[in-house]
Number of protein chains: 2
Amino acid sequence: MATPTPTRKRGHDPESVLSIAVGVFNERGYDGTSMEDLARALGVTKSAIYYHVPGKEQLLARALDRALDGLFAMVADERAASGPAIDRLEWVVRQSVRILIDRLPYVTLLLRVRGNSVTEQAALERRREFDGFIGHLVKDAAADGSIRPDVDPALVTRLLFGTVNSIAEWYQPARGASPEDLADALLKMTFNGLRAAPLD
Amino acid sequence: MATPTPTRKRGHDPESVLSIAVGVFNERGYDGTSMEDLARALGVTKSAIYYHVPGKEQLLARALDRALDGLFAMVADERAASGPAIDRLEWVVRQSVRILIDRLPYVTLLLRVRGNSVTEQAALERRREFDGFIGHLVKDAAADGSIRPDVDPALVTRLLFGTVNSIAEWYQPARGASPEDLADALLKMTFNGLRAAPLD
DNA sequence: CCTACCGATCGGTAGG
DNA sequence: CCTACCGATCGGTAGG
């Protein structure tokens with residue numbers, strides 16, 4: 001016989017609480033969101049939230065891990081890859097766009113973290129590690145001559161992933177382009193340039 | 001005889017309060033900043049702040065106006081200009097980078113606004129107006145065939161200014177590139193592409 | 001009367 | 001999960 005599931009009248013579990021909470025965090029900002037705001041969004045009282053999760057900062061920590069775990073899983077895959085650096089860079093950009101859209105609310109939250117708490121500082125530290133990995137890849141592409149030599153690789157890294165990350169500012173899953181189309185457009189602009197090819 | 005200047009022992013005026021406050025807002029987030037935080041940064045008591053400014057939200061409103069006024073002054077200039085759309089777009093990108101760096105703390109704050117108050121909603125509305133202006137310019141460049149036809153102009157607008165705005169995430173005036181060098185690098189990437197020209 | 005604040009506290013709300 | 005609360009702190013204001 002299966003153990004009977006404890007009765008949950010409204011059906012809230014840690015997972016649904018997290019996903020709704022992250023939505024509210026992204027709407028009002030983490031600091032701008034009170035536990036009362038979350039309670040309203042969940043349809044329960046403020047205190048009831050503490051039945052499901054240990055507290056506000058734990059919700060943030062779990063959300064940030066979702067984003068970072070996705071990015072680091074990709075890094076692990078890339079480390080096993082070979083081929084020209086610019087192709088690997090293109091693959092990483094494509095995967096980053098995919099993860100950003102796949103885990104949009106979590107990545108959005110991550111991109112807004114400023115280090116106001118230990119939880120945020122830990123997330124920033126992992127994010128810096130990810131950025132360092134990208135930086136190496138761009139440097140490799142510069143060293144083998146596959147990207148233009150007249151721009152500093154560190155600057156390219158920042159600008160390129162600034163473009164990727166900016167997608168989180170406006171992307172709406174319901175009526176947006178597919179991750180693939182979006183990555184195509186982004187790579188056309190950043191790798192080949194917006195200028196129409198001269199007709200000769 | 002000159003009227004004697006009123007004694008200001010600590011030298012705080014609305015301007016210095018604003019500039020210090022915006023620094024703290026950007027560090028901790030607007031909602032994450034208490035008047036007590038501001039007081040500490042100013043070296044006065046919390047109450048003393050109200051002698052200089054009407055309140056926290058007024059500080060935000062004034063800061064956001066600094067950013068938006070700069071951007072709209074540029075729009076006014078551009079409306080008087082002529083020439084190929086792609087050249088005007090390049091000019092606008094260059095000026096946007098200049099303004100972003102010139103007014104870095106104010107633009108940074110603007111880019112983080114989510115509409116949590118009437119003040120923030122008004123700023124978002126002005127920002128959307130600016131974005132609409134850029135959108136038109138990109139559309140003009142697409143219509144006259146000076147930018148590649150295989151990417152949606154609305155998407156180009158978002159990605160291009162996503163790249164520009166992302167500068168606010170990391171730029172440090174002290175040890176950063178000049179606005180001109182930064183705009184050069186950004187335009188090289190987005191207009192001409194990162195790929196090294198093939199040797200033929 | 002003024003400028004430039006301070007110490008204390010207002011009514012409400014925060015996370016827990 | 002709710003009712004009933006807490007220690008503390010929130011943005012803002014009182015008199016001097």
Side-chain angles (χ1 to χ4, degrees), chain A residues 4-25 27-64 109 113-114 116-120, chain B residues 1-64 109 113-114 116-120:
Chain A
T5 316
T7 321
R8 286 184 197 274
K9 287 194 177 159
R10 312 285 175 99
H12 285 308
D13 51 56
E15 180 58 38
S16 71
V17 172
L18 178 61
S19 115
I20 292 173
V22 170
V24 182
F25 288 163
E27 248 183 66
R28 318 175 62 81
Y30 175 76
D31 285 310
T33 303
S34 69
M35 292 301 272
E36 191 53 53
D37 292 329
L38 295 185
R40 214 173 302 122
L42 288 161
V44 298
T45 63
K46 188 177 61 157
S47 307
I49 299 173
Y50 292 93
Y51 175 79
H52 298 293
V53 288
K56 194 185 174 189
E57 197 166 345
Q58 272 293 324
L59 282 168
L60 179 63
R62 290 178 191 181
L64 297 177
L109 197 60
V113 157
R114 304 294 154 198
N116 281 0
S117 63
V118 185
T119 299
E120 296 198 354
Chain B
M1 285 300 232
T3 310
T5 315
T7 321
R8 284 183 198 276
K9 287 193 176 159
R10 313 285 175 101
H12 285 309
D13 50 57
E15 180 57 38
S16 71
V17 172
L18 178 61
S19 114
I20 291 173
V22 170
V24 182
F25 288 162
N26 282 330
E27 247 184 66
R28 317 175 64 80
Y30 175 74
D31 285 310
T33 303
S34 69
M35 292 301 272
E36 191 53 51
D37 291 330
L38 295 185
R40 215 174 300 123
L42 287 160
V44 299
T45 64
K46 190 177 58 155
S47 306
I49 299 173
Y50 293 93
Y51 176 79
H52 298 293
V53 288
K56 194 186 174 189
E57 197 166 346
Q58 272 293 323
L59 281 168
L60 178 63
R62 289 179 192 181
L64 297 177
L109 197 59
V113 158
R114 304 293 155 198
N116 281 0
S117 63
V118 184
T119 299
E120 295 198 356

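Throughout, protein chains are lettered first and strands after them, A, B, ... in sequence-line order, and every chain is numbered starting at 1.
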Just how far is it from atom [atom1] of [X] to atom [atom2] of [Y], taken to the nearest 0.5 Å?
| X | Y | atom1 | atom2 | answer |
| --- | --- | --- | --- | --- |
| A:Leu42 | A:Ile20 | CG | CD1 | 4.5 Å |
| B:Gln58 | B:Leu60 | CD | CG | 9.5 Å |
| A:Arg40 | A:Thr45 | CZ | OG1 | 12.5 Å |
| A:His52 | A:Glu15 | NE2 | CD | 13.0 Å |
| B:Arg28 | B:Leu38 | CZ | CG | 9.5 Å |

Handout entry: Side-chain donor/acceptor of B:Glu120 to backbone N/O of B:Asn116, under 3.5 Å
Key = yes

Exercise for the section: State whether the side chain of B:Lys46 and the backbone N or O of B:Ser34 hold a donor-acceptor pair below 3.5 Å, judged by distance alone. Expected result: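 Between the backbone of B:Ser34 and the side chain of B:Lys46 there is no qualifying donor-acceptor contact (under 3.5 Å).
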
Handout entry: Nucleotide nearest A:Ala48 (side chain, heavy atoms from C-beta), chosen from D:dG11, C:dG15, D:dC1
Key =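 Of all the options, the side chain of A:Ala48 is nearest to D:dC1.
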
Practice task
Could you check which of D:dG11, C:dC5, C:dG16 has an atom nearest any side-chain atom of A:Tyr50?
Solution key: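 When the side chain of A:Tyr50 is considered, C:dG16 is the closest of D:dG11, C:dC5, C:dG16.
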
Practice task
Would you please enumerate the stems DNA chain D participates in, each stem being three or more consecutive Watson-Crick or G-U wobble pairs with both distances under 3.5 Å?
Solution key: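 Paired runs of 3+ in DNA chain D: none detected.
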
Problem - Audit row: B:Asp31, A:Thr33, side-chain contact (heavy atoms from CB on, under 4.5 Å) steps and yes/no - result: CA-CA 9 Å; B:Asp31 285 310; A:Thr33 303; over 6 Å; no

Rounded off to whole Å, could you give me the [atom1]-to-[atom2] distance for the [X] and [N] pair?
| X | N | atom1 | atom2 | value |
| --- | --- | --- | --- | --- |
| B:Arg40 | C:dC6 | CZ | P | 15 Å |
| A:Leu38 | D:dC1 | CG | P | 16 Å |
| A:Met35 | D:dC2 | CE | P | 13 Å |
| B:Tyr51 | D:dG15 | OH | C1' | 16 Å |
| A:Asp37 | C:dG12 | CG | C1' | 15 Å |
| A:Asp31 | C:dT13 | CG | P | 19 Å |
| A:Glu36 | C:dG16 | CD | C1' | 13 Å |
| A:Leu60 | C:dG16 | CG | P | 12 Å |

Exercise for the section: Considering just the side-chain nitrogens and oxygens of B:His52, establish if one lies under 4.0 Å of OP1 or OP2 belonging to C:dA4. Expected result: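 So the side-chain polar atoms of B:His52 never come under 4.0 Å of the phosphate oxygens OP1 or OP2 of C:dA4.
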
Exercise for the section: Using the ring of A:Tyr30 (Phe, Tyr or Trp, six-membered ring only), decide whether A:Lys56 places NZ or CZ under 6.0 Å from its centre and within 45 degrees of its axis. Expected result: yes

N/O-N/O pairs, protein side and nucleotides 8-10 of chain C side, under 3.5 Å:
| unit_1 | atom_1 | unit_2 | atom_2 | d |
| --- | --- | --- | --- | --- |
| C:dA8 | N6 | B:Ser47 | OG | 2.8 |

Exercise for the section: Considering only atom C1', compute the distance from D:dG12 to C:dA8 and round it to an integer number of Å. Expected result: 13 Å

